[in-house]
Amino acid sequence: MPELPEVEVVRRGLERAVVGRTIDTVTVVHPRAVRRHLPGGADFEARLAGRTVVSARRRGKYLWLPLDDGDALLAHLGMSGQLLVRPGAAPDETHLRVRLRFRDRLATELRFVDQRTFGGMALSDGGAELPAVISHIARDPLDPDFDEAAFSSAFRRRRTGLKRALLDQSLVSGVGNIYADEALWRARLHYARPTETLRRGQVDAVLAGAREVMAEALEQGGTSFDSLYVDVNGQSGYFDRTLEVYGRAGQPCSRCGTPVRREAFMNRSSFFCPSCQPRPRRPRL
DNA sequence: CTATGAACCTGACAGC
DNA sequence: TGCTGTCAGGTTCATA
């Protein structure tokens, strides 16, 4: 699921439902879900048993559960992953990939469900503070330690298109296709604007747009168009009703009335207002 | 370094 | 009904 707000909704759910509990039995139902755990599924199952979850953390779209021995259980939801807290007696989901049972009297277990299996889990050695495999992921705009000045200069140093840079998780994390389009609409900038032509204030506007739209989405429980994007209890958010351009091709821009346009870009869709966000003279993709 | 395309998967939906 | 093609909130790798 997806972008920062939706992942943060899940993190909060894990914080309430899983922190403080000791893992008992882990079952890898589909090996692909732990392909990033190089020692393999059996190792993953065996080594998690008996460990206690200490907290629930997130950077960008990655989640991890620090364990009492300093290691961490890392998870990424990919395009369709869900972390669900379900009664142990509940029937298995069609796309159940990993099950974690706990050593307590609570009747719930944690399930990693993922239709497309782009997501996955791994055990990170000594990764409680920050798992090594995600050390290249930049801080996200809602992180209190996010360095705006460093971001702005690194951003403008890139010689690429604006949206491509915004989606680069090593520059700023957590922004995906929906919130990139929404942030660009708020900043009134076109996705193909060359980064090197941006003034400092425009970079700030994009970042502010991203931060605002993601914070608003978070307040509403995240964005979901369907049952694929849900919290740990399987509930959908409501932010789809507030999106200004994403998925709104042909509908009038709320600022100027011009129909929102959809264009294919980077093997996906970009939505923008052709009036508020005019194409640059020399677009850069 | 930058850009592109493909790969990894399953399912929903539109159109014929 | 059933086929085909398109699309989907992501990341990574190989190739120019």
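Naming: A, B, ... by sequence-line order, numbering from 1 per chain.
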Starting at atom CD of A/Glu196, determine the distance to atom C1' of B/dC1, rounded to an integer number of angstrom. 13 Å

Nearest whole angstrom, please: distance from the C1' of C/dG10 to the CG of A/Leu166. 15 Å

Among residues 143-155 of chain A, which ones have heavy-atom contacts with DNA chain B below 4.0 Å? none

Give me the atom names and distance for the closest heavy-atom approach of A/Arg11 to A/Leu63. CB-CD2, 3.5 Å

ring-ring contact (aromatic ring centres under 6.0 Å, His included) filter on A/Phe155, not counting sequence neighbours, yields A/Phe151

If the condition is ring-ring contact (aromatic ring centres under 6.0 Å, His included), which residues does A/Phe112 pass it with, not counting sequence neighbours? none

For A/Arg97 versus A/Asp114, what's the shortest heavy-atom pair and its separation? NE-O, 2.8 Å

Between the protein and nucleotides 2-4 of chain B, which nitrogen or oxygen pairs are less than 3.5 angstrom apart?
from  : atom 1 : to       : atom 2 : distance (Å)
B/dT2 : OP1    : A/Arg159 : N      : 3.0
B/dT2 : O3'    : A/Arg159 : O      : 3.0
B/dA3 : OP1    : A/Arg284 : NE     : 3.4
B/dA3 : OP2    : A/Thr160 : OG1    : 2.5
B/dT4 : OP2    : A/Arg164 : NH2    : 2.9

Calculate the interatomic distance between A/Leu4 atom CG and C/dG10 atom C1'; express it in whole Å. 14 Å

Contacts satisfying salt bridge (charged side-chain N to carboxylate O under 4.0 Å, His left out) that involve residues 24-37 of chain A (not counting sequence neighbours) are A/Asp24-A/Arg103

Let's go through A/Thr223 and A/Tyr179 carefully: what are the C-alpha distance in whole Å and the side-chain angles of both, what is the deciding distance for side-chain hydrogen bond (donor to acceptor under 3.5 Å, both in side chains) to 0.1 Å, and is it a yes or a no? CA-CA 10 Å; A/Thr223 297; A/Tyr179 299 110; 2.6 Å; yes

In whole Å, I'd like the distance from the CG atom of A/Leu243 to the P atom of C/dA8. 14 Å

Distance check, P atoms only: C/dC3 and B/dC9, in whole angstrom units. 23 Å

Rounded distance [0.5 Å steps], CZ in A/Arg16 versus CG in A/Asp231: 7.5 Å

Determine, stepwise, if the pair A/Asp147 / A/Arg139 fulfils salt bridge (Lys or Arg N to Asp or Glu O under 4.0 Å). CA-CA 8 Å; A/Asp147 186 337; A/Arg139 290 188 188 274; over 6 Å; no

Can you tell me how far the CZ atom of A/Arg12 sits from the CZ atom of A/Arg58, to the nearest 0.5 Å? 8.5 Å

Contacts of A/Arg111 that satisfy salt bridge (charged side-chain N to carboxylate O under 4.0 Å, His left out) - sequence neighbours left out: A/Glu93, A/Glu109

In whole Å, what is the span from the CE atom of A/Met266 to the C1' atom of C/dG10? 11 Å

Tabulate atom names and distances for all N/O pairs under 3.5 angstrom spanning the protein and nucleotides 11-13 of chain C.
from   : atom 1 : to      : atom 2 : distance (Å)
C/dT11 : OP1    : A/His76 : NE2    : 3.1
C/dT11 : OP2    : A/Lys61 : NZ     : 3.0

Which class fits the ring pair A/His190 and A/Phe272: parallel under 30°, tilted 30 to 60°, perpendicular over 60°? perpendicular

Euclidean distance, atom CG of residue A/Asp114 to atom P of B/dC9 [Å, nearest integer]: 12 Å

Relative to its sugar, using the 90° cut-off around 0, the base of C/dG9 is syn

Residues in ring-ring contact (aromatic ring centres under 6.0 Å, His included) with A/Tyr238, at least two apart? none

Donor-acceptor pair between A/Arg248 and A/Ser254 side chains, under 3.5 angstrom: no

Rounding to a whole Å, what distance do you find between A/Asn267:CG and B/dA7:P? 11 Å

Are the ring of A/Phe118 and the base ring of C/dG10 both nearer than 5.5 Å at their centres and tilted by less than 30°? yes

Could you work out the separation of B/dA7 and C/dG5 based on their P atoms and round it to a whole Å? 16 Å

What is the distance from CG of A/Asp168 to C1' of B/dC1, rounded to the nearest Å? 12 Å

Qualifying residues under ring-ring contact (aromatic ring centres under 6.0 Å, His included), relative to A/Phe239, sequence neighbours excluded: none

What verdict does the salt bridge (Lys or Arg N to Asp or Glu O under 4.0 Å) test give for A/Asp140 and A/Lys61, after you've listed the backbone C-alpha separation in whole Å, the side-chain angles of each residue and the deciding distance to 0.1 Å? CA-CA 9 Å; A/Asp140 60 66; A/Lys61 303 169 195 170; over 6 Å; no

Can you tell me if A/Ser269 touches the phosphate of C/dA8, counting only side-chain N or O atoms and a distance under 4.0 Å to OP1 or OP2? yes

Given the P atoms of C/dG9 and B/dC13, what is the spacing between them in whole Å? 16 Å

Atom pairs and distances, side-chain donor-acceptor, residues 121-136 of chain A, under 3.5 Å, sequence neighbours left out:
from     : atom 1 : to       : atom 2 : distance (Å)
A/Asp125 : OD1    : A/Arg47  : NH2    : 2.5
A/Glu129 : OE1    : A/Arg57  : NH1    : 3.4
A/Glu129 : OE2    : A/Arg57  : NH1    : 3.2
A/Ser135 : OG     : A/Ala132 : O      : 3.0
A/His136 : ND1    : A/Val133 : O      : 3.4

Dot-bracket, DNA chain B: Watson-Crick or G-U, under 3.5 angstrom, [ ] crossing, | other strand? .|||||||.|||||||

Electrostatic pair A/Asp168:A/Arg164 at N-O distance under 4.0 angstrom: no

Short side-chain N/O contact to B/dC8 OP1/OP2 from A/Arg35, under 4.0 Å: no

Every protein N/O within reach of nucleotides 10-12 of chain B N/O, cut-off under 3.5 Å:
from   : atom 1 : to       : atom 2 : distance (Å)
B/dT10 : O2     : A/Gln115 : OE1    : 2.8
B/dG11 : OP1    : A/His95  : NE2    : 3.3
B/dG11 : O4'    : A/Gln115 : OE1    : 3.2

